[in-house]
2 protein chains.
Amino acid sequence: MPTETKIETQYSIGDFAKAVGLTAPTLRYYETEGLIETHRLANGRRYYEEADINWVKFLLHLKGTGMSISELKQYVIWRAAGDDTIPERLDLLKKVKADFLVQFDEVQHHLQILNDKINWYEEKEAGVTKDPESFRAYLDRFGHHE
Amino acid sequence: MPTETKIETQYSIGDFAKAVGLTAPTLRYYETEGLIETHRLANGRRYYEEADINWVKFLLHLKGTGMSISELKQYVIWRAAGDDTIPERLDLLKKVKADFLVQFDEVQHHLQILNDKINWYEEKEAGVTKDPESFRAYLDRFGHHE
DNA sequence: ATATTACTTAAAGTGTACTTTAAGTCAATA
DNA sequence: TATTGACTTAAAGTACACTTTAAGTAATAT
């Protein structure tokens with residue numbers, strides 16, 4: 001069996017930024033915050049590999065669930081400390097999830113009211129009701145409150 | 001039929017703040033931003049009525065869908081200008097809704113990845129897999145990507 | 001009556017997450 | 001070879017949405 005030399009694609013910071021949908025300054029900022037470890041060429045320039053794309057994309061998913069930079073930093077610190085910190089990481093992610101679900105419910109309620117208002121305006125514009133119904137009364141009709 | 005004198009409950013800014021879940025400084029800030037019109041007692045102090053509670057809660061619903069203070073301000077300006085601006089308000093709310101729905105989909109995907117990671121950690125912790133499976137491989141098993 | 005609390009304004013400060021600038025080095029293209 | 005473009009760092013600046021401070025007046029509670 002021949003020995004395969006794996007040739008990893010190397011990305012400059014600009015190309016990597018495009019690949020993950022961020023800007024080069026943001027990547028440098030994340031690096032100073034300890035979220036990303038960067039590799040350096042002999043001339044001092046940063047480079048990134050395929051695996052780094054997965055890592056950054058995963059970080060962005062966590063970020064998208066509401067994790068702050070400092071929470072991500074804590075997560076990264078625990079991750080670097082090895083498998084002993086899996087319970088801590090799990091607790092953190094579960095807390096993030098619980099917070100997320102609360103927000104998620106709230107935001108769905110906000111959407112319901114927004115939808116109701118849009119529908120109310122459309123009915124009003126169409127002149128469906130001659131005697132105009134208040135938005136409150138309109139909400140009441142659907143049992144939508146607060 | 002006797003003439004009914006409607007006695008509107010009057011709230012001080014502190015009580016009103018509690019009623020809507022904000023702080024007094026935030027209410028003053030919203031007032032300077034033109035989101036809230038305040039009534040004043042003879043002594044210069046602000047007071048609020050029941051109807052103001054509905055208005056602030058409605059604003060907070062719109063805010064919760066992602067509208068910025070300046071978008072809310074624009075909405076309020078149009079509202080004050082009367083029914084002629086209903087098309088503008090409708091356009092704004094529809095744009096807000098469209099943006100919201102994009103975000104909503106994204107955020108659900110973020111949740112999926114978060115959930116997958118939590119499950120992956122739990123399986124890892126339980127020692128279900130002897131030969132540890134990478135998170136990428138785990139995601140692949142469920143068809144969860146990016 | 002006095003002390004505490006709530007209100008008033010204007011202005012300055014805070015936190016988060018970047019973004020931009022400045023000054024310089026180095027690599028790639030015409 | 002010249003010049004354009006991409007990179008480097010450190011530090012300052014920005015946007016948003018409040019929050020806090022300061023200095024003062026007025027209402028409420030003991």
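What you see is a predicted model; the values in this text were computed from it and never measured. Both backbone and side-chain heavy atoms feed into the values below; hydrogens, waters and symmetry mates do not.
If you check residues 91-102 of chain B against DNA chain C, you find no residue with a heavy atom closer than 4.0 Å. The stretch residues 59-78 of chain B comes close to DNA chain D through B:K63, B:S68, B:I69, each having a heavy atom under 4.0 Å from the strand.
Judged by distance alone, with hydrogens and angles left aside, the side-chain atoms of A:E123 form no donor-acceptor pair with the main-chain N or O of A:W120 at under 3.5 Å.
Ion pairing between a basic and an acidic side chain is recognised when a charged N comes within 4.0 Å of a carboxylate O; B:D91 and B:K95 show no such pairing. The pair B:R40-B:E31 meets the salt-bridge criterion, with a side-chain N (NZ, NE, NH1 or NH2) lying under 4.0 Å from an Asp/Glu carboxylate O. Classification of B:K94 and A:E122 as a salt-bridged pair holds, one side-chain N sitting under 4.0 Å from a carboxylate O.
With rounding to whole Å, A:L27 atom CG is found 15 Å from C:dT20 atom P. Taking atom CD of residue A:E31 and atom P of nucleotide D:dA10, one finds them 11 Å apart after rounding to whole Å. Note: CG (B:L41) to P (D:dT28) measures 10 Å, nearest angstrom. Taking atom CZ of residue B:R28 and atom C1' of nucleotide C:dA12, one finds them 16 Å apart after rounding to whole Å. Here the P atom of nucleotide C:dA17 and the CG atom of A:L22 are 14 Å apart, to the nearest Å. Per the geometry, OH belonging to A:Y29 stands 17 Å off P belonging to D:dA15, to the nearest Å. Rounded to an integer number of Å, the gap from B:D15 CG to C:dA6 C1' is 10 Å. Protein atom CZ of A:F16 is 13 Å distant from nucleotide atom P of D:dT8, rounded to whole Å.
Within the 4.0 angstrom heavy-atom criterion, no nucleotide atom of any strand lies near A:Y47. Counting non-hydrogen atoms under 4.0 angstrom, B:R46 reaches the backbone sugars and phosphates but no base.
Nearest heavy atoms, A:M67 versus A:V96: CG-CG2, 3.4 Å. Heavy atoms only, all atoms of each residue included: B:Y11 and B:A19 are closest at CE2-CB, 4.4 Å. Across B:I118 and A:L90, no two heavy atoms sit closer than the pair O-CD1, 3.6 Å.
Listed pair B:N43 / D:dA27 meets the phosphate criterion, a side-chain N or O lying under 4.0 Å from OP1 or OP2. One finds a side-chain N or O of B:T23 lying less than 4.0 angstrom from the OP1 or OP2 phosphate oxygen of D:dT19. Put simply, A:T26 has no side-chain N or O that comes within less than 4.0 Å of OP1 or OP2 on C:dA17. Applying the 4.0 Å criterion to OP1 and OP2 of D:dC18, one finds that B:Y30 has a side-chain N or O inside that range. Of the side-chain N and O atoms in A:R40, none sit less than 4.0 angstrom from OP1 or OP2 of D:dC7.
Ring pair A:Y138/A:F142 is perpendicular by interplanar angle, where above 60° counts as perpendicular and below 30° as parallel.
Which of D:dT19, C:dC7, D:dC7 sits closest to the side chain of B:P25 comes down to D:dT19.
Within the model, atoms OH of A:Y121 and CG of B:L93 stand 6.0 Å from one another, a figure rounded to the nearest 0.5 Å. Atoms NZ and CG, on A:K97 and B:L114 in that order, are 7.0 Å from each other to the nearest 0.5 Å.
One N or O donor and one acceptor, one from the side chain of A:R45 and one from the base of D:dA6, sit under 3.5 Å apart.
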